[in-house]
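Some notes on the structure that comes next.
Excluded from the calculations below are hydrogen atoms, water molecules and symmetry mates; all remaining heavy atoms, backbone and side chain alike, are included. All residue numbers in this chain count up from 1 along the given sequence.
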Amino acid sequence: MRLGKLLIIDDEKDIRDLMQEIFAEEGYKVETAANGEQARTQWRQFLPDIIFLDVWMPDIDGISLLKEIQQESSLPNTKVIMMSGHGTIETAIEATKLGAYDFLEKPLSLAKLTVTAERAMETSRLNQENRQLKQSFPEQFMPVGKSKSVIQLRETIERLSKFTMPVLIEGESGVGKHHIAQALHKTSSRKNSAYVEMSANDFNRLFDETDAQNSLQRLKEADFGTLVISQIEQLSPAGQTILFELIQNQKTHINAETIHLDIRLLALSKGLLEKSVAEGGFHNALYERLKVIPIQVPALRQHTEDIPELIEFFINHFVTHESLEYRHFSVPAQNVLRQYNWPGNLKELKNLVQRLLILGEGEVSDDEVKNYLHESPSTDRSAWEIDTSISLKEAKDRLEATYLSQLLRETGGNVSETAKRSGVERTNLYRKLKTLGIDPKNPF
């Protein structure tokens with residue numbers, strides 16, 4: 001019985017012949033290549049399930065060849081296993097970041113060769129099944145959980161699906177306000193029309209000479225659909241006037257142009273609107289229209305009984321959409337997570353699940369979870385202690401670093417979203433991150 005197709009790329013003939021003999025006896029169909037040119041021809045004709053790739057080739061290095069393989073549209077499911085007789089940790093890390101399934105050191109262990117191939121084939125099979133499931137079933141968009149607060153949240157969304165009035169969605173950072181907005185859109189009569197998200201700063205740029213056209217174009221895309229504005233409390237007075245006119249009359253005037261738009265507005269806030277109205281920073285008339293149907297999204301610490309179900313939801317998401325390997329969280333590990341305070345809410349939990357799937361294998365233990373929480377800066381209370389032995393500038397830099405690192409963790413390293421939520425221009429944010437020594441891709 002044929003187990004799969006293997007391509008062995010190595011400039012040493014003895015290794016190629018030995019590996020071909022071993023895998024042929026196991027039931028695999030095997031082809032070989034001695035250099036990069038032969039390898040390209042073979043993988044395009046043979047379409048292997050697994051490629052064993054040597055790091056050092058006579059005409060091209062294996063890392064460069066790995067990059068080519070990852071860009072080949074004809075090899076979406078192919079797993080690449082790197083091999084090297086004098087590999088370094090840096091090379092292994094780089095190969096893994098580029099998508100290599102595994103990294104084996106020479107001299108090769110025959111037992112490990114076959115076991116690694118079997119695991120790679122099983123992973124490929126599971127990924128294909130997950131892609132088929134993804135095509136067969138729509139992605140879950142309603143809030144996940146069986147707690148009373150989440151059940152009430154789902155019921156509210158279903159009730160509001162029959163109407164088109166504005167909705168104010170309030171909650172702490174990371175509780176899933178954008179997710180609730182998407183659920184409201186997908187259950188409404190406008191579900192087949194546009195869903196456009198803008199931050200308050202994006203909306204304010206309607207009056208900026210340099211960026212007005214881009215923001216206006218995005219606003220127009222929401223016609224007959226749903227417009228989501230995050231951090232609504234940061235709208236400028238002019239932006240508030242425009243938004244109120246759109247809600248009231250389905251038309252407004254922007255830069256001497258009359259704009260007709262039929263939109264359903266979903267406004268997202270951290271719960272600061274009432275205070276802003278009291279202080280005169282937000283139009284009372286607009287606030288009255290928004291607060292008719294408010295949705296208060298609970299913090300994760302208020303429904304920790306949903307954590308086991310949320311963990312499974314996030315695991316399935318990453319296995320299906322990012323091809324990560326499935327890991328089961330032990331009951332003690334789940335209990336540790338249920339006792340945690342979750343300052344970053346759902347986004348922090350999602351990031352935790354993703355990181356543990358990437359960095360480990362097998363069942364997730366309570367010790368592994370405790371180590372992660374201990375290492376995470378968000379749980380280090382000393383970060384908020386006041387150190388008067390340093391200058392004010394250094395203290396501000398530390399606070400900014402803590403704040404931006406937390407935002408990056410909550411947004412999964414998305415700099416654009418971090419810029420929107422922090423109110424810092426993206427170019428300035430990049431400069432600030434570089435000054436503070438923060439890597440957006442690894443803000444831990």
- Task: Measure the shortest side-chain to side-chain distance between Leu184 and Ile295 over non-hydrogen atoms and say whether it is less than 4.5 angstrom.
- Result: yes
- Message: With rounding to the nearest 0.5 angstrom, report the CG to NZ distance, Leu300 to Lys350.
- Response: 14.0 Å
- Task: Starting at NZ of Lys29, measure out to CD of Gln20 and round the result to the nearest 0.5 Å.
- Result: 12.0 Å
- Flag the pair Asp10 / Thr32 as yes when at least one side-chain heavy-atom distance between them is below 4.5 Å, and no otherwise. no
- So how far is it from Gln302 CD to Ser147 OG, rounded to the nearest 0.5 Å? 10.0 Å
- Query: Is any side-chain heavy atom of Glu322 less than 4.5 Å from a side-chain heavy atom of Leu357?
  - Reply: no
- Message: Does either side chain, that of Ser330 or that of Glu363, offer a donor lying less than 3.5 Å from an acceptor on the other one?
- Response: no
- Message: Strictly below 4.0 Å, N to O, side chains only: are Lys420 and Glu197 in salt-bridge contact?
- Response: no
- Just by distance, do the side chain of Ser193 and the backbone of Phe224 share a donor-acceptor pair under 3.5 Å? yes
- Message: Between Asn345 (side chain only) and Gly176 (backbone N and O only), is there a donor and an acceptor less than 3.5 Å apart?
- Response: no
- Note on the structure: Closest non-hydrogen contact found for His185 with Ser188 is O-OG, 2.7 Å
- Message: Quick check against the 3.5 Å criterion: does Glu309 have a side-chain atom that pairs as donor or acceptor with the backbone of Asp306?
- Response: no
- For side-chain contact (heavy atoms from CB on, under 4.5 Å), just list the numbers for Lys186 and Tyr195, CA-CA rounded to whole Å, side-chain angles, deciding distance to a tenth of an Å, and then say yes or no. CA-CA 9 Å; Lys186 291 178 180 179; Tyr195 174 86; over 6 Å; no
- Task: Show your working on side-chain contact (heavy atoms from CB on, under 4.5 Å) between Glu158 and Met142 and close with a plain yes or no.
- Result: CA-CA 9 Å; Glu158 290 169 355; Met142 293 293 274; 3.8 Å; yes
- Query: Can a salt bridge be assigned to the pair Asp262 and Arg190 using a cut-off of 4.0 Å between side-chain N and carboxylate O?
  - Reply: yes
- Message: Give me the atom names and distance for the closest heavy-atom approach of Ala222 to Ala194.
- Response: CA-CB, 4.3 Å
- Considering all heavy atoms of both residues, which atom of Met198 and which atom of Leu227 are nearest to each other, and what is their separation? SD-CD1, 4.0 Å
- Message: Distance check, rounded to the nearest 0.5 Å: Lys177 atom NZ versus Leu266 atom CG?
- Response: 13.5 Å
- Applying salt bridge (Lys or Arg N to Asp or Glu O under 4.0 Å), run through Arg205 and Asp202 and close with a yes or a no. CA-CA 5 Å; Arg205 290 191 186 99; Asp202 290 333; 2.6 Å; yes
- Give a yes or no on whether the backbone of Leu337 and the side-chain of Trp342 come within a donor-acceptor separation of less than 3.5 Å. yes
- Query: Hey, does Leu75 have a side-chain heavy atom less than 4.5 Å from the side chain of Leu47?
  - Reply: yes
- Message: Checking the side chain of Ser269 only, and the main-chain atoms of Ile232 only, is there a donor and an acceptor separated by less than 3.5 Å?
- Response: no
- Message: Determine whether Lys112 and Glu105 satisfy the following criterion, salt bridge (Lys or Arg N to Asp or Glu O under 4.0 Å), listing intermediate values before the conclusion.
- Response: CA-CA 10 Å; Lys112 190 165 185 178; Glu105 288 188 277; over 6 Å; no
- Between atom CD1 of Ile15 and atom CD1 of Ile8, what is the distance when rounded to the nearest 0.5 Å? 10.5 Å
- Between Asp61 (side chain) and Trp56 (backbone), is there a donor-acceptor pair under 3.5 Å? no
- Message: Under a 3.5 Å distance rule, please check whether Arg264 uses its side chain to pair with a backbone N or O of Met165 as donor and acceptor.
- Response: yes
- Would you sort out whether Phe329 and Leu356 count as a side-chain contact (heavy atoms from CB on, under 4.5 Å), showing the intermediate values? CA-CA 10 Å; Phe329 279 62; Leu356 291 179; 3.8 Å; yes
- Return yes if a side-chain donor-acceptor contact under 3.5 Å exists between Gln45 and Glu31, otherwise no. no
- Message: Pairing donors with acceptors under 3.5 angstrom, does anything connect the side chains of Arg338 and Asn335?
- Response: no
- Counting N and O atoms only, with roles assigned by atom type, does the side chain of Arg154 sit under 3.5 Å from a partner on the main chain of Pro143, one being a donor and the other an acceptor? yes
- Message: If you compare all heavy atoms of Ala181 against all heavy atoms of Val228, which two are closest, and at what distance to 0.1 Å?
- Response: CB-CG2, 4.1 Å
- Note on the structure: Heavy atoms of Arg40 and Leu65 approach each other most closely as NH2-CD1, 4.1 Å
- Message: Below 30° counts as parallel, above 60° as perpendicular, anything between as tilted: where do the rings of Phe23 and Tyr28 land?
- Response: perpendicular
- Task: Compare every heavy atom of Ile9 with every heavy atom of Ala39, then report the nearest pair and how far apart it is.
- Result: CB-CD1, 3.5 Å
- Message: Between Asn204 (side chain only) and Ser236 (backbone N and O only), is there a donor and an acceptor less than 3.5 Å apart?
- Response: yes
- Task: Could you check whether the rings of Phe318 and Phe314 sit parallel, tilted or perpendicular, using 30° and 60° as the cut-offs?
- Result: tilted
- Glu72 bridged to Arg44 by N-O distance under 4.0 Å: yes
- Item | Backbone N/O of Gln231 and side chain of Asn201: donor-acceptor pair under 3.5 Å | no
- Between Val336 and Leu373, is any pair of side-chain heavy atoms under 4.5 Å apart? yes
- With side chains defined as the heavy atoms from C-beta onward, is the minimum distance between Leu290 and Leu265 less than 4.5 Å? yes
- 4.5 Å side-chain heavy-atom contact, Asp366 and Val369: no
